[in-house]
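A quick write-up on the structure given underneath.
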Amino acid sequence: DDFDAYLILLSPTEEPIAEDDDDDGSGTNARIVATLPITGTYTIVANSYQTGEIGDYQLTWRGTTVAEQELALATQLNQQASALYQAGRYAEAEPLYQRALKIYEAKLGQEHLFYTAQNLDDLAGVYETMGRYAEAEVLQQRSLAIIEVQFGPQHPLTALNLNNLAELYHAMGRYAEAEPL
């Protein structure tokens, strides 16, 4: 509790394999959930998130629950899908985003602020890029609704989601709907 922790997990070959600065969006804790890919000695680097913060800390190690493993898998799928999307491999990204969304919704609920809303937005972007506008619109509107309820109409995340929906309407040629957003 003395400082905002930032953790990095290094593999036996000193490659970073996971990092985290906050386990739930509040407080000073950090948590890494990872499947260790090889046998060996791993290193956990504990640092402060802000420069110059000092204090005591405590590292705790435990096995994960099935639910935590499933959420870690969903996050991994989402990261893989994002990399495929960035590489222009939209058809390959789509099923990974869909699988991650199913896990997030099953474990966290359909209205979860970060994971579900972000995944909806990501999958909507894939559909928009593929020209599947009707599917993108439904997902983008769901994502926006979650963000607006959690943060309100004046929050920057709401603005970002409004902009994404406006861009979708622009791509669809629905300019009158895009402009007020």
Side-chain angles (χ1 to χ4, degrees), residues 4 6-7 16-27 29-35 49 64 66-181:
D4 194 3
Y6 187 85
L7 299 177
I17 59 170
E19 59 184 80
D20 188 61
D21 65 346
D22 204 4
D23 61 348
D24 66 359
S26 64
N29 296 326
R31 173 178 40 197
I32 292 176
V33 178
T35 300
Y49 187 72
T64 59
V66 171
E68 289 171 329
Q69 290 174 11
E70 290 173 354
L71 289 172
L73 172 62
T75 299
Q76 181 183 22
L77 291 168
N78 195 293
Q79 291 169 347
Q80 290 171 344
S82 294
L84 290 168
Y85 178 80
Q86 295 298 323
R89 297 163 58 184
Y90 311 120
E92 293 172 68
E94 178 188 358
L96 298 180
Y97 277 134
Q98 289 173 337
R99 188 171 166 208
L101 180 60
K102 284 181 183 178
I103 294 170
Y104 288 140
E105 288 178 332
K107 297 298 171 193
L108 301 173
Q110 293 187 357
E111 304 301 316
H112 189 272
L113 172 62
F114 180 74
Y115 293 106
T116 302
Q118 182 61 51
N119 195 264
L120 287 166
D121 186 62
D122 291 342
L123 185 55
V126 170
Y127 288 154
E128 179 181 352
T129 303
M130 296 172 77
R132 294 165 56 185
Y133 299 130
E135 292 168 279
E137 181 179 10
V138 170
L139 298 181
Q140 194 64 59
Q141 288 174 341
R142 276 186 60 201
S143 178
L144 175 60
I146 294 168
I147 297 296
E148 280 184 319
V149 166
Q150 295 292 325
F151 290 108
Q154 301 302 317
H155 195 275
L157 287 176
T158 303
L160 178 64
N161 273 258
L162 285 167
N163 185 67
N164 291 346
L165 185 57
E167 288 178 0
L168 174 63
Y169 287 155
H170 182 267
M172 297 169 76
R174 293 165 51 184
Y175 306 116
E177 291 171 85
E179 184 178 5
L181 298 178

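- Judged as a salt bridge (Lys or Arg N to Asp or Glu O under 4.0 Å), not a single pair has a partner in residues 147-159 (not counting sequence neighbours).
- Partners of Glu135 under the salt bridge (charged side-chain N to carboxylate O under 4.0 Å, His left out) rule, at least two apart in sequence or in another chain, are Arg132.
- The side-chain hydrogen bond (donor to acceptor under 3.5 Å, both in side chains) test applied to Gln79 returns no partner, not counting sequence neighbours.
- When the salt bridge (charged side-chain N to carboxylate O under 4.0 Å, His left out) test is applied to Lys107, the partners found at least two apart in sequence or on another chain are Glu70.
- The two residues Ala136 and Leu168 have their closest heavy-atom pair at C-CD2, 3.7 Å.
- Residues satisfying the side chain to side chain contact (heavy atoms under 4.5 Å, CB included) test with Gln80, not counting sequence neighbours, are Gln76, Leu77, Leu96.
- With rounding to the nearest 0.5 angstrom, the CZ atom of Arg99 is 5.5 Å from the CD1 atom of Ile103.
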Sequence neighbours excluded and cut-off under 3.5 Å, please list the side-chain donor-acceptor pairs for residues 171-181, or say none.
residue, atom, partner, partner atom, Å
Arg174, NE, Glu177, OE2, 2.6
Arg174, NH1, Glu137, OE1, 3.0
Arg174, NH2, Glu137, OE2, 3.0
Arg174, NH2, Glu177, OE1, 2.8
Arg174, NH2, Glu177, OE2, 3.3

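- Legend: residues meeting side-chain hydrogen bond (donor to acceptor under 3.5 Å, both in side chains) with Thr75, ordered by chain and number and at least two apart, are Tyr104.
- In this structure Glu105 satisfies the side chain to side chain contact (heavy atoms under 4.5 Å, CB included) test together with Leu101, Gln110, Thr116, Arg142, sequence neighbours excluded.
- The side chain to side chain donor-acceptor pair (under 3.5 Å) pairs that include a residue from residues 117-127 are Glu94-Tyr127, Gln98-Tyr127, Gln118-Asp122, Asp121-Gln140, Asp121-Asn164, where partners are two or more places apart or lie in different chains.
- Checked by atom type and distance alone, the side chain of Ser82 pairs as donor or acceptor with a backbone atom of Asn78 at under 3.5 Å.
- Counting only residues at least two apart or in different chains, ring-ring contact (aromatic ring centres under 6.0 Å, His included) contacts with residues 141-160 comprise Phe151-His155.
- With sequence neighbours excluded, no residue forms a ring pair (Phe, Tyr, Trp, His ring centres under 6.0 Å) with Tyr169.
- Closest heavy-atom contact between Gly152 and Thr158: O-OG1, 2.7 Å.
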